[in-house]
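These notes are about the structure you will find just below.
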Amino acid sequence: MATLIAPGHFSPNEDAEALHKACKGWGTDEKAVISILAHRNAAQRYEIRLAYEGLYREDLIKRLESELSGDFEKAVYRWILDPTDRYAVLAHVAIKKSETDYNVIVEISCTLSPEELLAVRRAYQLRYKHSLEEDLAAHTTGDIRKLLVALVTTYRYDGGEINAKVAKSEADILHDAIKDKAFNHEEVIRILSTRSKTQLMATFNRYRDDHGISISKNLLDDGADDFQKALHVVIRCLNDPKKYFEKVLRQAIKRAGTDEDALTRVIVTRAERDLKDIKELYYKKNSVHLEHAVAKETSGDYKAFLVTLLGQED
């Protein structure tokens, strides 16, 4: 369930006027920006952007970029984008880092539906005049490249059918590969990048039943390299994305110096999806409410914006 609290009825023109007023003159009224945008869903935000452009012949996103700064600006920018555009931007930023942030690419390719992933690839091409897989291949090498390109180019079956024989045989293939430390075996990449999520759940369950340990635990050992870690993220995102995102938030908050990029990414991308469930998992794991942990580790308008998206009312 979502944490976003949005009104059933709203006026895009009134919101556009209020945002224009918030950005006029000396200084920006950040509280007004938060009170409007952090309480509007994707469709409503899109209508506000259209209304703003119609009224003022100006792009609201560009105006906010020029008015806001720091982590707050980055969070608002990512929030106001259409979700498919947002994922395209997140993928591009991850690819262009000095070392490609494969976790973000895996999140996008393994937690979205096939249609959503296809829409992100289209949005990426439109925005950057390259394909996502082209840029990804140009900035990665070896086994990581094979895995990530396979994941972003797949169009998985999205139905509920399961083949128990396939689950058994592919659980054995995965077990043998892990036992032999042949993590980069082409069959491992084929199974993880082409099978439906429902089929993979059956395979992972069969793996646990036959071998007495979950595949994700069996995969990571003390000497795990980047490819093993990437496979681990793939399996976690496919198997239980809510648990995966809870861990991302926990690590972002608990590390020395908060990881604002990860914090912003998870809250902004999950607020309209399943952030309420992730919050509950966080509390079970940490005995602290997520909004309290976020409030403790952040400050100012950035803090106010994030805790509002987390469903905390003023």
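All values reported here derive from a predicted model rather than from experimental measurement. Throughout, residue positions are numbered sequentially from 1 according to the sequence presented.
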**Prompt:** Does a side chain donor of either Asp172 or Tyr207 reach within less than 3.5 Å of an acceptor in the other side chain?
**Reply:** no
**Asked** Judged by atom type as modelled, is there a donor-acceptor pair below 3.5 Å linking the side chain of Asn205 to the main-chain atoms of Met201?
**Response** yes
**Request:** Could you tell me whether a side-chain N or O of Arg40 sits under 3.5 Å from a main-chain N or O of Pro12, the two making a donor and an acceptor?
**Result:** no
**Asked** For atom NE2 of His185, is the number of surrounding heavy atoms from other residues, nucleotides or ligands below 6.0 Å larger than 12?
**Response** no
**Item:** Check: Thr198 side chain, Gly160 main-chain N or O, donor-acceptor pair, under 3.5 Å
**Value:** no
**Item:** Value rounded to 0.5 Å, distance of CG in Leu249 from NZ in Lys254
**Value:** 12.0 Å
**Request:** For Glu116, look at atom CD and say whether over 12 heavy atoms of other residues, nucleotides or ligands are found less than 6.0 Å away.
**Result:** yes
**Item:** Steps toward salt bridge (charged side-chain N to carboxylate O under 4.0 Å, His left out) verdict (Lys74, Asp261)
**Value:** CA-CA 9 Å; Lys74 194 183 285 186; Asp261 273 356; 3.1 Å; yes
**Request:** Kindly determine whether Arg273 and Phe245 satisfy side chain to side chain contact (heavy atoms under 4.5 Å, CB included), including the steps that lead there.
**Result:** CA-CA 12 Å; Arg273 288 175 172 262; Phe245 284 119; over 6 Å; no
**Request:** Let me see the working for Lys168 and Asp210 under salt bridge (charged side-chain N to carboxylate O under 4.0 Å, His left out), right down to the final yes or no.
**Result:** CA-CA 9 Å; Lys168 162 68 177 158; Asp210 286 356; 3.4 Å; yes
**Message:** Does Glu58 have more than 12 heavy atoms from other residues, nucleotides or ligands lying within 6.0 Å of its CD?
**Reply:** yes
**Trace of the side chain to side chain contact (heavy atoms under 4.5 Å, CB included) decision for Lys181 with Phe183** = CA-CA 5 Å; Lys181 296 196 178 296; Phe183 305 106; 3.8 Å; yes
**Asked** Does a side-chain N-to-carboxylate-O contact under 4.0 Å join Arg63 and Glu67?
**Response** yes
**Asked** Do Glu133 and Arg121 meet the salt-bridge criterion of a basic N to acidic O distance under 4.0 Å?
**Response** yes
**Prompt:** Could you state the interatomic distance from CG (Leu231) to CG (Leu219), rounded to the nearest 0.5 Å?
**Reply:** 5.5 Å
**Asked** Phe305 and Ile278: same hydrophobic cluster, using ILVMFWY side-chain contacts below 4.5 Å?
**Response** yes
**Asked** Can any side-chain N or O of Arg145 pair as donor or acceptor with the backbone N or O of Thr140 at less than 3.5 Å?
**Response** yes
**Asked** Knowing that exactly one of Lys303, Lys279, Lys276 qualifies, which makes a salt bridge (charged side-chain N to carboxylate O under 4.0 Å, His left out) with Glu291?
**Response** Lys279
**Request:** Determine the sole option in Leu275, Asp277, Leu309 for which the side chain to side chain contact (heavy atoms under 4.5 Å, CB included) test with Arg270 is passed.
**Result:** Leu275
**Message:** With a 4.5 Å cut-off on side-chain heavy-atom distances among I, L, V, M, F, W and Y, is there a chain of contacts connecting Leu136 to Tyr87?
**Reply:** no
**Request:** Without swapping roles, check the side chain of Glu272 against the backbone of Ala42 for a donor-acceptor pair under 3.5 Å.
**Result:** yes
**Message:** To the nearest 0.5 Å, what is the distance between CZ on Arg236 and SG on Cys110?
**Reply:** 13.0 Å
**Request:** Pick out which of Thr203, Leu238, Thr154, Val166 makes a side chain to side chain contact (heavy atoms under 4.5 Å, CB included) with Arg195.
**Result:** Val166
**Message:** For Lys62 and Glu65: C-alpha separation, side-chain torsions, deciding distance, then whether salt bridge (charged side-chain N to carboxylate O under 4.0 Å, His left out) applies.
**Reply:** CA-CA 5 Å; Lys62 286 182 179 169; Glu65 277 187 288; over 6 Å; no
**Asked** What do the steps show when you test Tyr302 against Leu263 for side chain to side chain contact (heavy atoms under 4.5 Å, CB included), and what is the final call?
**Response** CA-CA 11 Å; Tyr302 177 57; Leu263 193 60; 4.1 Å; yes
**Item:** Side-chain heavy atoms of Thr308 within contact of Gln312, under 4.5 Å
**Value:** no
**Stepwise salt bridge (charged side-chain N to carboxylate O under 4.0 Å, His left out) check, Asp29 with Lys21** = CA-CA 8 Å; Asp29 185 352; Lys21 185 181 174 185; over 6 Å; no
**Request:** Ignoring hydrogens and angles, tell me if any N or O in the side chain of Arg86 forms a donor-acceptor pair with the backbone of Arg78 under 3.5 Å.
**Result:** yes
**Prompt:** How many angstroms lie between atom NE2 of His232 and atom SG of Cys237, to the nearest 0.5 angstrom?
**Reply:** 10.5 Å
**Asked** To the nearest 0.5 Å, what is the distance between OG1 (Thr84) and CD (Glu115)?
**Response** 12.5 Å
**Item:** Donor-acceptor side-chain pairing of Gln44 and Asp15 below 3.5 angstrom
**Value:** no
**Prompt:** Is Phe227 atom CZ crowded by more than 12 heavy atoms from other residues, nucleotides or ligands, each under 6.0 Å away?
**Reply:** yes
**Asked** Is it true that the side chains of Tyr244 and Glu107 contain a donor and an acceptor less than 3.5 Å apart?
**Response** yes
**Request:** Check the hydrophobic clustering (I, L, V, M, F, W, Y; side-chain heavy atoms under 4.5 Å; chains of links allowed) and say if Ile36 and Leu55 are grouped together.
**Result:** yes
**Prompt:** To the nearest 0.5 Å, what is the distance between CD1 (Ile173) and CD1 (Ile191)?
**Reply:** 4.5 Å
**Message:** Is the shortest side-chain heavy-atom distance between Ile253 and Tyr282 below 4.5 Å?
**Reply:** yes
**Message:** Strictly distance-based, threshold 3.5 Å: is any side-chain N or O of His39 a donor or acceptor partner for the main-chain N or O of Ala6?
**Reply:** no
**Message:** Quick check against the 3.5 Å criterion: does Glu134 have a side-chain atom that pairs as donor or acceptor with the backbone of Ser131?
**Reply:** yes
**Request:** For Tyr124 and Asp135, test the side chains for any donor-to-acceptor distance below 3.5 angstrom and give the result as yes or no.
**Result:** yes
**Item:** Step-by-step side chain to side chain contact (heavy atoms under 4.5 Å, CB included) determination, Thr100 to Ile144
**Value:** CA-CA 10 Å; Thr100 296; Ile144 287 269; over 6 Å; no
**Prompt:** Quick one: do Leu151 and Val104 end up in the same hydrophobic cluster if we chain Ile, Leu, Val, Met, Phe, Trp and Tyr together by side-chain heavy atoms under 4.5 Å apart?
**Reply:** no
**Message:** Quick one: does any side-chain atom of Asp180 pair with a main-chain N or O of Ala182 as donor and acceptor, under 3.5 Å?
**Reply:** no
**Message:** Is there a continuous path of hydrophobic side-chain contacts, each under 4.5 Å between heavy atoms, that joins Tyr52 to Ile34?
**Reply:** yes
